[in-house]
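Please read the structure below before turning to the comments.
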Amino acid sequence: MRDNVSIDSGFDAPEVAHELECLPYSVQHQDEGVCLLVKMGPHRILLDFGLTNISSITKDLTKSAQRGNSPMPADLVLVSHAHADHARGLLTLHQAFPLLPIYASEVTTKLLPLNWPEQELPGIPSFCQALPLRSPVEITENLIVELFPAGHLPGAVAILLTYHTPNRDYKLLYTGDFFLSNSRFVEGLRLDELRGLNLDVLLIEGSYGTSRHPHRRNQENQLAERIHRAISPSGTDETHSVILPTPALGLGQELLMLLRSHHHFTGRDIDIWVDGAVATGCDAYLELLSHLPASVQNFARHQPLFWDERIKPRVRRLKPEDMATLGRSPCIVLTDSSADLSKYCQPNTGNWLILLPEKIDINFSHNYLAPTEVENYLLAQHSDGPGTTQLIHNLRPQHVIFVHGSPSYLADLTCLEELQNRYHVHSPAAGTLVELPIGETFLQPAAPETNYEGELTELGTVITITLPDAVTADPRWRQFADTGLIAARWQGEDLVLRGLSPRELLNQNSPRPTSSDVECCGNCRYQRGQRCLNPVAPLYNFKVTLDGYCPAFERLT
């Protein structure tokens, strides 16, 4: 991948040569996390600090001091959220530069101490100041900061920076990690809050590259089905207990809420054990209940959010004395990503299934004393490729800078023709300065032609639709025509055609759930080919799994 990819599009001559610049100290979550230095006129802003070693900062600082510049690495630090790859170096940074102001959302300030478990909580200084949401704050003269909820994790924000000059305002938005879809504990980023910003620069994550994901509820149902099959097998399958290693914040709590509310597990006589930092993260969530979605607060009014031995399935904190009986009957264990999983998979504990989340680095060993299987699952915490491009097209910035992702994934996004034709696109390596000249006006190129004229012929009981071969030049044609079969449906006055994939054909031939008593999509009158056709359902026109459920269920008759 090129260190810095920049594609020119319809801009006039730069008004100010280097009013905006970006220097990434680190852009990958696989190694050092994310840390970006942004320059807006005279202001220097650090965005996140996922570095474990601050030598790169101090090295640049020494050079800067020799030129007579400020002895501080920046004027201020803004933190997008509390995950380690964005925040783990903040305590070290504060200890080295105690006068450097650090800001984040209120929820993030409360979650940050979980990044330093070796420190006693009362001993961690309250060095991070809280900023309000959706409220512009002039943090220093002519520099305004505004935070918008970004989904992904409680407290996660997209950061809008506005630098005011007598001639014009310069605007930069840093998404941090964002998610457009709602998850169990946080609502998705709202596009309507960000439209019309007249944005100059967008710093955006590309964790999943151009990949396309199923609807989040489908992902949850597929994972729940796999865990269900492990703990209650049929036929010749053996019973397994399940281990789910996760980070301390975010995914672990999402999984717990899924296991407590999915129809496969409600009322089941099983134990869900929570160990290590994941349990600490649950306690932190309980302290932030008033900041969580209304649906979560309502759930907590009727039963405990996490720790509950009364309602099945039981959710318990794993204690040393519980290890002697762990695994004697099928159970589910949620533990740290860094935990030694062999302590659970001991002799005479039965069979184990370890489910590893995709795109999250976990130290994993294969040396276990009990029969063990390992599989991966997807429960996305970031937006996929279509979600990423959707955000870009809604904001229409002059410059797009991709960070946070593997080099190949970022290169896939950078090379998308739909982005190259419209924006200056950058994918810088660590240490590569990106100069961001801003034109007074941005001349948006015309959208490519996507309409094709064809002919329709009725021949008795057969209808033939003929399209020009130009339609096959689109890269999406191969997927559309993969099986040679299409599905057609009315949408208002329009007839919509959709190609059927091989997977859909296999799923259409799979049997419905054997029990007609289960209220699930497989027994719903509006389910056709694993797609919901109920206009009032929240999953309308989405693909569904046969064991999925929504409030608009109507029994098949």
Side-chain angles (χ1 to χ4, degrees), residues 184 217-246 251-276 278-279 282 303-304 306-319 322-337 339 341-358 362 364 368-379 510-511 513-515 517-520 522 545-549:
R184 300 270 172 173
R217 189 53 56 89
N218 287 359
Q219 298 174 35
E220 291 182 347
N221 285 333
Q222 291 170 11
L223 174 58
E225 171 64 26
R226 182 64 190 96
I227 297 174
H228 170 67
R229 285 191 285 112
I231 63 177
S232 52
S234 60
T236 59
D237 293 337
E238 293 183 295
T239 302
H240 289 72
S241 292
V242 177
I243 301 178
L244 296 161
T246 74
L251 183 57
Q253 291 74 33
E254 293 281 325
L255 289 170
L256 264 181
M257 185 57 80
L258 171 63
L259 293 170
R260 298 208 68 195
S261 57
H262 197 278
H263 68 83
H264 275 323
F265 309 105
T266 51
R268 291 284 298 274
D269 186 18
I270 57 173
D271 289 313
I272 301 174
W273 299 101
V274 188
D275 199 11
V278 180
C282 291
Q303 58 181 287
F306 296 122
W307 315 122
D308 192 347
E309 299 192 16
R310 181 175 58 89
I311 297 177
K312 302 174 183 178
R314 296 172 293 273
V315 180
R316 301 174 177 176
R317 195 187 304 266
L318 188 62
K319 300 176 182 178
D322 299 316
M323 297 297 293
T325 57
L326 188 70
R328 289 188 179 178
S329 60
C331 63
I332 301 172
V333 178
L334 280 83
T335 188
D336 301 345
S337 337
L341 305 185
S342 62
K343 69 179 182 179
Y344 310 110
C345 307
Q346 292 295 312
N348 303 316
T349 58
N351 302 299
W352 289 91
L353 172 65
I354 300 174
L355 292 174
L356 302 178
E358 292 186 2
I362 288 180
F364 175 67
Y368 298 110
L369 300 178
T372 305
E373 298 179 21
V374 182
E375 296 179 12
N376 289 94
Y377 67 91
L378 173 65
L379 191 60
S510 62
T514 54
S515 174
D517 296 332
V518 178
E519 293 187 356
C520 60
T545 58
L546 297 183
D547 60 353
Y549 170 78

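Residues: numbered from 1 along the sequence shown. Fair warning: this is a prediction, and the values are worked out from it, not measured in the lab.
- Going from atom CZ of Phe306 over to atom CD1 of Ile272 covers 11.5 Å, rounded to the nearest 0.5 Å.
- For the 3.5 Å distance criterion, the side chains of His264 and Asn221 fail to qualify, holding no donor opposite an acceptor.
- Among Asp275, Thr372, Thr349, the single residue meeting the side chain to side chain donor-acceptor pair (under 3.5 Å) criterion with Tyr344 is Asp275.
- To the nearest 0.5 Å, atoms CD1 (Ile231) and CD1 (Ile332) are separated by 4.5 Å.
- Closest approach of Gly267 and Pro313 over heavy atoms only: N-CD, 4.1 Å.
- Atom CZ of Arg229 is separated from atom CD of Glu225 by 5.5 Å, given to the nearest 0.5 angstrom.
- Residues Ser241 and Ser329 approach most closely at OG-O, 3.8 Å, considering heavy atoms.
- Tyr368 is listed as a side-chain neighbour of Ile354, based on a closest heavy-atom distance under 4.5 Å.
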One pair to check against side-chain contact (heavy atoms from CB on, under 4.5 Å): Leu223 and Leu255. What are the steps and the verdict?
CA-CA 10 Å; Leu223 174 58; Leu255 289 170; 3.4 Å; yes
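- Under the 4.5 Å side-chain criterion, counting only non-hydrogen atoms from C-beta, Ile227 is not in contact with Tyr377.
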Evaluation steps, side-chain contact (heavy atoms from CB on, under 4.5 Å), between Ser232 and Ile270:
CA-CA 11 Å; Ser232 52; Ile270 57 173; over 6 Å; no
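- Ring pair Phe265/His228 is perpendicular by interplanar angle, where above 60° counts as perpendicular and below 30° as parallel.
- The backbone N or O of Arg184 lies less than 3.5 Å from a partner atom in the side chain of Glu254, making a donor-acceptor pair.
- Taking CD from Glu358 and CG from Leu378, the interatomic distance works out to 5.0 Å, rounded to the nearest 0.5 Å.
- With sequence neighbours excluded, the residues that form a salt bridge (Lys or Arg N to Asp or Glu O under 4.0 Å) with Asp271 are Arg314, Arg316.
- Residues Leu326 and Cys331 form a side-chain contact, since some pair of their non-hydrogen atoms from C-beta on lies under 4.5 Å apart.
- Side-chain contact between Asp336 and Val278 is present, with at least one heavy-atom pair separated by less than 4.5 Å.
- The CG atom of Asn376 sits 5.5 Å away from atom CG of Leu356, with the distance rounded to the nearest 0.5 Å.
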Test side-chain contact (heavy atoms from CB on, under 4.5 Å) applied to Gln253 and Thr246, step by step:
CA-CA 9 Å; Gln253 291 74 33; Thr246 74; over 6 Å; no
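- Contact check for Val315 versus Leu259: no side-chain heavy atoms found under the 4.5 Å cut-off.
- Applying the salt bridge (Lys or Arg N to Asp or Glu O under 4.0 Å) rule to pairs touching residues 256-267 yields Arg260-Asp308, sequence neighbours excluded.
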Using side-chain contact (heavy atoms from CB on, under 4.5 Å), reason through Asp322 and Trp273 one step at a time and then give a plain yes or no.
CA-CA 9 Å; Asp322 299 316; Trp273 299 101; 3.4 Å; yes
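- Taking CG from Leu355 and NE2 from His240, the interatomic distance works out to 10.5 Å, rounded to the nearest 0.5 Å.
- The two atoms that bring Trp352 and Gly327 nearest to each other are CZ2-CA, 4.1 Å, heavy atoms only.
- The shortest side-chain heavy-atom distance between Glu220 and Leu379 falls under the 4.5 Å cut-off.
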